[in-house]
Peer 1: 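This is the structure I want to talk about, given as structure tokens.
Numbering of ligands and ligand atoms starts at 1, following listing order.
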Amino acid sequence: MSTVDWPTLTAAAVQVMHRAYAPYSKYPVGAAGLVDDGRIVVGCNVENASYGVTLCAECGMISDLVATGGGRLVAMSCVDANENPLLPCGRCRQLLWEHGGPAMLVNSKYGPMSMAVLMPHGFGLSDMEAVRGEL
Ligand code: THU
């Protein structure tokens with residue numbers, strides 16, 4: 001898949017952002033990912049009275065990815081309440097790395113950025129396979 005329809009991806013992120021459950025931070029987030037088979041998967045943040053239990057929008061999006069058949073993430077758009085792009089937190093970068101790898105693109109106010117730029121030298125399954133002699 002060579003081109004990414006960023007306006008469509010961002011529109012999906014905006015739509016799901018409006019479903020966020022964020023009564024504590026009042027900072028709703030929506031995430032939409034393009035899968036290598038053309039699917040769009042989405043997620044919004046879901047907060048909790050026990051604050052640390054909060055699920056980021058990207059977590060929900062990854063659940064949607066796996067629950068609807070898996071595949072590799074090609075691109076992702078994540079937005080705040082102003083419909084502006086936001087870059088994923090550190091934990092979510094690790095989640096995205098597993099399902100998109102270094103080439104996956106993430107929308108930002110600077111333009112699309114690769115995961116290789118957002119999380120250089122990231123740890124992943126291949127590091128474990130190398131030690132186990134599976135690579
Ligand atoms: N949040 C996300 O959903 N994704 C991110 O990458 C950054 C932060 C959420 C978590 C919390 O509900 C709210 O934004 C404020 O941190």
Side-chain angles (χ1 to χ4, degrees):
M1 193 178 300
S2 52
T3 56
V4 177
D5 182 350
W6 290 107
T8 296
L9 204 54
T10 299
V14 168
Q15 193 175 35
V16 71
M17 177 270 292
H18 288 294
R19 301 200 186 118
Y21 178 74
Y24 304 104
S25 70
K26 304 196 188 317
Y27 186 81
V29 178
L34 176 64
V35 189
D36 58 358
D37 63 4
R39 263 155 58 231
I40 288 181
V41 291
V42 296
C44 57
N45 53 334
V46 179
E47 298 185 344
N48 191 276
S50 179
Y51 292 177
V53 177
T54 289
L55 303 173
C56 283
E58 297 91 327
C59 296
M61 186 194 80
I62 296 288
S63 278
D64 192 21
L65 170 74
V66 173
T68 59
R72 297 293 288 169
L73 287 169
V74 174
M76 187 200 69
S77 183
C78 196
V79 296
D80 62 23
N82 294 328
E83 305 188 3
N84 289 322
L86 83 98
L87 286 168
C89 75
R91 179 177 182 273
C92 288
R93 290 180 198 203
Q94 182 68 36
L95 280 175
L96 294 166
W97 184 265
E98 181 99 4
H99 299 277
M104 179 192 166
L105 296 173
V106 180
N107 198 22
S108 82
K109 63 180 177 183
Y110 314 105
M113 300 176 80
S114 71
M115 284 300 297
V117 167
L118 292 174
M119 203 178 79
H121 310 292
F123 173 80
L125 177 59
S126 60
D127 295 292
M128 297 170 68
E129 289 173 335
V131 170
R132 297 192 305 223
E134 295 163 6
L135 274 185

Peer 1: Can you confirm whether something in the protein, heavy atoms only, sits under 4.0 Å from atom 4 (N) of ligand 1?
Peer 2: yes
Peer 1: Taking atom CE of Met104 and atom CE of Met119, what is their separation to the nearest 0.5 Å?
Peer 2: 11.0 Å
Peer 1: If the cut-off is 4.0 Å to any non-hydrogen atom of Pro88, which atoms of ligand 1 fall inside it?
Peer 2: 6 (O)
Peer 1: To the nearest 0.1 Å, how far is atom 6 (O) of ligand 1 from its closest protein heavy atom, and which atom is that?
Peer 2: Glu58 OE2, 2.7 Å
Peer 1: So is there a nitrogen or oxygen of Glu47 less than 3.5 Å from a nitrogen or oxygen in ligand 1?
Peer 2: yes
Peer 1: Which ILVMFWY residues are connected to Leu86, directly or by a chain of links, through side-chain heavy atoms under 4.5 Å apart?
Peer 2: Tyr27, Val29
Peer 1: To the nearest 0.5 Å, tell me how far Leu65 CG sits from Met76 CE.
Peer 2: 12.5 Å
Peer 1: Are the side chains of Leu135 and Ser126 in touch, meaning some heavy atoms are under 4.5 Å apart?
Peer 2: yes
Peer 1: Grab the two heavy atoms, one from Leu87 and one from Ser108, that are nearest each other, plus how far apart they are.
Peer 2: CD2-CB, 3.7 Å
Peer 1: Of the side chain and backbone of Cys56, name the one, both, or neither that has a heavy atom under 4.0 Å from an atom of ligand 1.
Peer 2: both
Peer 1: Give the numbers and elements of all ligand 1 atoms closer than 4.0 Å to a heavy atom of Tyr27.
Peer 2: 13 (C), 14 (O), 15 (C)
Peer 1: Does Ala57 reach ligand 1 with a nitrogen or oxygen that is under 3.5 Å from one of the ligand's nitrogen or oxygen atoms?
Peer 2: yes
Peer 1: Heavy-atom contact under 4.0 Å between Ala22 and ligand 1?
Peer 2: no
Peer 1: Taking N or O atoms only and a 3.5 Å limit, does Cys89 qualify as a polar contact for ligand 1?
Peer 2: yes
Peer 1: Which ligand 1 atoms, with their elements, are less than 4.0 angstrom from a heavy-atom of Ser25?
Peer 2: 13 (C), 15 (C)
Peer 1: Does any non-hydrogen side-chain atom of Glu83 lie less than 4.5 Å from one of Thr10?
Peer 2: no
Peer 1: Which is it for Asp5 and Leu34 under the side-chain contact (heavy atoms from CB on, under 4.5 Å) test, yes or no, and what are the steps along the way?
Peer 2: CA-CA 9 Å; Asp5 182 350; Leu34 176 64; over 6 Å; no
Peer 1: Can you sort out which atoms of ligand 1 are near Thr54, meaning under 4.0 Å from one of its heavy atoms?
Peer 2: 10 (C), 11 (C), 12 (O)
Peer 1: For atom 9 (C) of ligand 1, grab the closest protein heavy atom and report residue, atom and distance to one decimal in Å.
Peer 2: Asn45 ND2, 3.6 Å
Peer 1: Please check if the side chain of Asp36 supplies one atom and the backbone of Gly71 the other of a donor-acceptor pair under 3.5 Å.
Peer 2: no
